[in-house]
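First comes the structure, then the notes that go with it.
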Amino acid sequence: MNTQIKSDPTVFVIFGGTGDLNMRKLAPALYNLYLDGWMPKQFSIIGTGRTKYTDEQYRQTLLDGINQFSRSGKADPVKWKAFSESVYYQSSDVKDHESYKEFGTRIEKHAADWKTKPNVIYYMAVSPNFFPIIASNLSKAKLTQDTKRVRVVIEKPFGHDLESAKELNQLLANIFDECQIYRIDHYLGKETVQNIMAFRFANSLFEPLWNRNYIEHVQISVTEQLGMGERGDYYDGSGALRDMIQNHLLQLLCLVAMETPINWESDEVRNRKVEVLRAMRPFTADDVRNSTVRGQYAKGWMEGKEVPGYREEAKVDPQSNTETFAAIKFFVDNWRWQGVPFYLRTGKRLHQSASVITIQFRDVPHKVFPSETSESWAQNRLIISIQPEMSIRLQVQAKRPGLDMILNPVDMVFDYKGTYSNQTPEAYETLLLDTMMGDQTLFMRGDQVESAWELVMPILNTWQNKKSLSFPNYSADSWGPESAEALIARDGFHWFTLPLTSKK
Ligand code: BG6
């Protein structure tokens, strides 16, 4: 979202400073921003948590994280030393007012040293139960008042349902102005996801086709090979609908379906996106029955290794009713999209890790060529592959070289790897930089989060109240339950998968 301009001096206070998210994502992202020259000249990163560390010990833990997870590989000793001089640790208890006073003192000291008021970014990389107490204590310590300079970053999950999301929004609104609140959905920071907007709104080619007259259906599929790992306790209270559909997949849908914004102002873009959510057809009990599928994985084999079923995973209830797979057919009730189904699916322990959006165009109105010339006829498709392959493909029919007239589908491909030589920034780099620059375009506004919850609530309630008798209903390394195939097959389509060579 940015030009080469750097942000003002910035202090980051990272709650959950010793946690996994900081080690894997935030610290590597900040370090890479530093390497690429995006960090302001004066910055400070204050990690905080309950563990007792000296600054030196803390720096070492971050270095371990960076060496393991940074896209740029192991840290260069000279650059790391220069970067790490701006990294500090303050052990704290989120309930203890003294800790907040100490943050205040540190921030004031930086302001005095730098002879300017810095931006202050409070990053909540903690479990959501702590959001309210941290926000209120920051406010009590008078650390939130400067609406221009102070920002708060809230990690997902933002609420557990509509009611809790509303409560959290209300609590935050009592303390912060909306322009200070950065609700993260890391999918929006992904390079390929940002490119959906560039692709749609910087080319004149697609807009005339981008509607119900030419588009037959849309698929958004985010499949993962990963199982639970250490996250069973969080996931068992969440499930695929809350964990992925309510946020990441619906955000992707908004980017595909939104109207063209007038400009690149963050609220203009976010207005266009929230309009999509508002236009989405609410689910009746019949819709939940007929247009949704849930699944849970059974044990099986993945790449030669035996893997446990969901109910056998650590910290998961052995009788769990939590879905690890969801496939849902949505409609957007407006002029552009009336009658065009949007099929979303996501799941764990599936055959392939891939996030792909497929836009299938309507068939030609009249077939000029005899059927024997085109045995492998396929309708035009635009395939936006978000990960692991980063590409946009337009599938068209073409004549195979030769003396006979044989048509087959071919791909016109824009492939990041083949086109650009520079490394792609991680989503968190983009989002952290935007936070420093005060650009909220790629962050969720309060009303967006609530609209997304409102849409999924009928499904969530039905699934919660009615235990699935068929769980577990798909085996590891499959594409999910058969009913998910049936959901889309009933309309005459099938789930599209890219023949990927690399797996994640
Ligand atoms: C997170 C979910 O938000 O996104 C995880 O909580 C999921 O369950 C992850 O695995 C997927 O993100 P990515 O960037 O790996 O596609």
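Note that ligands are numbered from 1 as they come in the structure, with each ligand's atoms numbered from 1 the same way. What you are looking at is a predicted structure, and each value in this text was computed from that prediction instead of being measured. For this chain, numbers begin at 1 and follow the sequence in order.
Relative ring orientation between His248 and Tyr187 is described as parallel, the plane-to-plane angle staying below 30° on a 0-90° scale split at 30° and 60°. Ring geometry for Tyr34 versus Tyr31: interplanar angle under 30°, hence parallel rather than tilted (30 to 60°).
Polar contact with ligand 1: present for Glu224 (N/O pair, distance under 3.5 Å).
Every residue two or more places apart in sequence or in another chain was checked for a side-chain hydrogen bond (donor to acceptor under 3.5 Å, both in side chains) with Glu323, and none qualifies. Contacts of Ser421 classified as side chain to side chain contact (heavy atoms under 4.5 Å, CB included), with partners at least two apart in sequence or in another chain: none.
Residue contacts with ligand 1 include Tyr187, since one or more of its heavy atoms lies under 4.0 Å from the ligand.
Listed by number with element, the atoms of ligand 1 under 4.0 Å from a non-hydrogen atom of His248 are 1 (C), 3 (O), 4 (O). Below 4.0 Å from some heavy atom of Lys190 lie the following atoms of ligand 1, by number and element: 13 (P), 14 (O), 16 (O). Close approach to Arg231 involves these atoms of ligand 1, each under 4.0 Å from a residue heavy atom: 2 (C), 5 (C), 6 (O), 8 (O). Atoms of ligand 1 lying under 4.0 Å from at least one heavy atom of Lys348, given by number and element, are 5 (C), 7 (C), 8 (O), 10 (O). Set against the non-hydrogen atoms of Lys156, the atoms of ligand 1 under 4.0 Å away are 1 (C), 2 (C), 3 (O), 6 (O).
The closest heavy-atom contact to atom 8 (O) of ligand 1, among the options Thr324, Leu226, Thr346, Asp243, comes from Asp243.
Remark: the backbone N or O of Asp177 is paired with a side-chain donor or acceptor of Gln180 at under 3.5 angstrom.
Taking the six-membered ring for Trp and the full ring otherwise, the centers of Phe43 and Phe12 sit at least 6.0 Å from each other.
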